[in-house]
Amino acid sequence: MIIGFDAKRAFSNQTGLGNYSRYVIDNLSAYFPDHQYRLYAPKEKNSPVISALRQRENIACAFPRGGYRYFSSLWRTKGMTADLQRDGVQLYHGLSNELPVGLQKKGIRSVVTIHDLIFLRYPQFYKAPDRAIYTRKFRHACQEADHIVAVSKCTKNDIVSFFGTDPRKISVIYQGCNMLFGNKLSFDEKQQVCKKYQLPETFMLNVGTIEPRKNLFLAVKSLHHLDDSVHLVAVGRETSYALEIKKYVAAHGLEQRVHLLSGVPLSDLPALYQSAAVFVYPSLYEGFGIPIIEALHSETPVVAATGSCLSEAGGPHSIYVDPQNDKEMADAVNRILNDMKLQAEMIAGGKKYVARFDDQLLAGQMMELYQTL
């Protein structure tokens, strides 16, 4: 087959949708090398990961030509379809919630991945114009696609609920994480990274954009119920919400116990995960929750929030708490810190559970869907 991909995020985003796009393309190319993969992106932006992908014989890239070079958004919406037909693409996969128009008329089969509908579930976190644009694009993609990939059962249920989509048209295919998180580091390697960021011996770790939906305040407030030796390390891009947290931290004398880190390279993250006593993920709502997968691979016990899909990522051996109850989170963390048997059970159970997110297994599920179409 000749398979086309929406590669905008693969080229331009270093987290989230970009990671997902590169993950799918990388694994399909590696495990199913007999097919041809064409990446369609509005702008050429190279990174070490993209450069490595482009060196593979079964991967080619395409960018806007002619006048579309100056109207790349229009190309991605309308002009790309003609290029797909010209290149002999038989199936096109919109990796980030969107599809160009006219695929059916050109006889090109299509798949779209829907990551989440949080903008409909929690509209207060989004501006009205953004909600309107997202709703139009996502609804169109779900209507026009021959099949939909949802990144979790929770997202599948939301697609059915908000758009009235036939559930038979939707397959749940999960995402794994970077293989770096499965590499066990030495004590010295972990200490070197912790020393770099001046981190304490015992800390809870949180990874993700520091924004209201991620609900980091719950973890901060849980420190009031934990021993002073326990710190919180939060890694992620800061928004105005981080300023609110900093004000709270200063007002309650927690400056020495809360560490907000931004700009942390991927290469340092495995050491932070493996050094943490507990990974906490109090998010109000997620499409899936890749940081939980990273924590399980890192053999770090997980405490996450109820209310969305996080139990799909964390499995039965993680602990789930009310996202509005800081005392409940603190109690869960205390149980883990003070019970070596529980720690061992959570680590062993998590390691077994995370095997379902194996790269080759998930790539096989995706290819099976393609071949069915």
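Positions are given from 1, in the same order as the sequence printed here. We use all heavy atoms of the structure for the numbers below, so side chains are in, but hydrogens, waters and symmetry mates are not.
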Quiz question: by atom type and distance under 3.5 Å, do the side chains of Arg9 and Ser21 form a donor-acceptor pair? no
Heavy-atom side-chain proximity of Leu120 to Asp158 below 4.5 angstrom: no
Any donor-acceptor pair under 3.5 Å linking the side-chain atoms of Arg335 with those of Asn338? no
Are Asn334 and His225 close enough, and set up right, to give a side chain to side chain contact (heavy atoms under 4.5 Å, CB included), and what steps lead you there? CA-CA 9 Å; Asn334 268 324; His225 311 289; 5.6 Å; no
Closest approach of Ala330 to Leu226 (non-hydrogen atoms, all atoms of both residues): O-CD2, 3.6 Å
Listed pairs under 3.5 Å, donor-acceptor, residues 126-143 side chains, sequence neighbours left out:
{"residue": "Arg131", "atom": "NH1", "partner": "Pro123", "partner atom": "O", "Å": "3.2"}
{"residue": "Arg131", "atom": "NH1", "partner": "Tyr126", "partner atom": "O", "Å": "2.9"}
{"residue": "Thr135", "atom": "OG1", "partner": "Arg131", "partner atom": "O", "Å": "2.7"}

With a distance cut-off below 6.0 Å to the six-membered ring centre and an angular limit of 45° from the axis, does Lys78 pair with Phe71 as a cation-pi contact? no
What do you reckon, is NZ of Lys153 surrounded by more than 12 foreign heavy atoms closer than 6.0 Å? no
Tell me whether Leu99 is reachable from Leu91 by hopping between hydrophobic residues (I, L, V, M, F, W, Y) whose side-chain heavy atoms are closer than 4.5 Å. no
Using the ring-ring contact (aromatic ring centres under 6.0 Å, His included) criterion, which residues pair with Tyr273? Sequence neighbours excluded. Phe181, Phe279
Checking side chain to side chain contact (heavy atoms under 4.5 Å, CB included) for the pair Leu296/Ser318: CA distance, chi angles, key distance, verdict? CA-CA 9 Å; Leu296 295 181; Ser318 297; 4.1 Å; yes
Does the side chain of Asp83 reach to within under 4.5 Å of the side chain of Tyr68, using non-hydrogen atoms? no
With ring-ring contact (aromatic ring centres under 6.0 Å, His included) as the rule and sequence neighbours excluded, what pairs involving residues 348-373 come up? His93-Tyr370, Tyr174-Phe357, Phe288-Phe357, Tyr353-Phe357
How many angstroms lie between CG in Asn178 and CD1 in Ile293, if you round to the nearest 0.5 Å? 13.5 Å
Does any N or O in the side chain of His297 come within less than 3.5 Å of the main-chain N or O of Met179, such that one atom is a donor and the other an acceptor? no
Please step through salt bridge (charged side-chain N to carboxylate O under 4.0 Å, His left out) for the pair Lys195 and Asp188, ending with a clear verdict. CA-CA 10 Å; Lys195 185 177 180 181; Asp188 288 342; over 6 Å; no
Is it the case that over 12 heavy atoms from other parts of the model lie below 6.0 angstrom from the CD atom of Glu255? yes
CD (Gln85) and NZ (Lys106) are apart, to the nearest 0.5 Å, by 4.5 Å
Minimal non-hydrogen separation, Ser110 against Ala145, with atom names: OG-CA, 3.3 Å
Where the side chain of Arg22 meets the backbone of Ala10, is there a donor-acceptor pair that is under 3.5 Å apart? yes
Neighbour count above 12 (heavy atom, 6.0 Å) for Lys184 NZ: no
I need the Arg356 CZ to Glu312 CD distance, nearest 0.5 Å. 10.0 Å
Name all residues meeting the salt bridge (Lys or Arg N to Asp or Glu O under 4.0 Å) criterion together with Asp34; count only those two or more places apart in sequence or in a different chain, and write none if there are none. none
Under 4.5 Å between side-chain heavy atoms, counting indirect links through other Ile/Leu/Val/Met/Phe/Trp/Tyr residues: same cluster for Leu199 and Val230 or not? no
List the steps and the verdict of side chain to side chain contact (heavy atoms under 4.5 Å, CB included) for Lys8 and Leu17. CA-CA 9 Å; Lys8 175 183 177 180; Leu17 298 180; over 6 Å; no
So Ser222 and Met204, do their side chains get closer than 4.5 Å, heavy atoms only? yes
Measuring from atom CD1 of Ile59 to atom CZ of Arg54, what distance do you get when rounded to the nearest 0.5 angstrom? 10.0 Å
Would you check, one step at a time, whether the test side chain to side chain contact (heavy atoms under 4.5 Å, CB included) holds for Val111 with Asp146? CA-CA 6 Å; Val111 176; Asp146 290 300; over 6 Å; no
Minimum heavy-atom separation for Leu310 to Ser283, with atom names? CD1-O, 4.1 Å
Rounded distance (nearest 0.5 Å) linking atom CD1 of Ile210 with atom CG of Leu260: 5.0 Å
Near Gln192 CD, under 6.0 Å, is it more than 12 heavy atoms from other residues, nucleotides or ligands? no
Taking Ile2 as the starting point, is it possible to reach Leu28 by hopping between hydrophobic residues whose side chains are less than 4.5 Å apart? no
Do side-chain atoms of Tyr285 reach the backbone of Asp116 as a donor and acceptor pair under 3.5 angstrom? no
Thinking salt bridges, do Glu286 and Arg213 make one under a 4.0 Å N-O criterion? yes
Could you verify whether a donor N or O on one side chain and an acceptor N or O on the other, from Asp227 and Ser229, lie under 3.5 Å apart? yes
Flag yes if Ile25 and Ile108 sit in one hydrophobic cluster, no otherwise; membership is Ile, Leu, Val, Met, Phe, Trp, Tyr, and two members link when side-chain heavy atoms are under 4.5 Å apart. no
Heavy-atom closest pair, residues Ala219 and Val280: CB-CG2, 4.2 Å
Look at the side chain of Arg76 and the backbone N and O of Tyr40, then say whether any donor-acceptor pair between them is shorter than 3.5 Å. no
Val151 side chain near Gln175 side chain, heavy-atom distance below 4.5 Å: no
Between Asn215 and Pro282 (side chain of the first, backbone of the second, donor and acceptor by atom type, cut-off under 3.5 Å), is there such a pair? yes
Arg168/Asp166 ion pair, N-O < 4.0 Å: yes
Within-4.5 Å side-chain heavy-atom neighbours: Ile170 and Thr155: no
Does the plane of the ring in Tyr37 sit parallel, tilted or perpendicular to the ring in Phe5? Use 30° and 60° as the thresholds. parallel
Do the ring centers of His115 and Tyr20 come within less than 6.0 Å of each other? yes
Can you find a pair of side-chain heavy atoms, one from Glu44 and one from Cys61, that are under 4.5 Å apart? no
Residue set satisfying ring-ring contact (aromatic ring centres under 6.0 Å, His included) with Tyr197, at least two apart, ordered chain then number -> none
Under 3.5 Å, is there a donor-acceptor pair between the side chain of Thr306 and the main chain of Tyr320? no
Give the cluster check for Met367 versus Val172: same hydrophobic cluster or not, with ILVMFWY residues linked at side-chain heavy-atom distances below 4.5 Å. yes
When rounded to the nearest 0.5 angstrom, what distance separates CG in Leu266 from CD in Glu294? 8.0 Å
Please find the pair of heavy atoms, one from Pro64 and one from Pro42, that lie closest to each other, and give the distance. CD-O, 3.4 Å
Hey, could you give me each pair passing ring-ring contact (aromatic ring centres under 6.0 Å, His included) that has a residue in residues 142-168? Not counting sequence neighbours. none
Just by modelled atom types, is the Glu144 backbone N or O under 3.5 Å from a matching donor or acceptor in the Gln104 side chain? yes
Heavy-atom pair of closest approach, residues Gln90 and Met1: OE1-CA, 3.2 Å
Other residues, nucleotides and ligands only: do more than 12 of their heavy atoms fall within 6.0 Å of CD on Gln365? yes
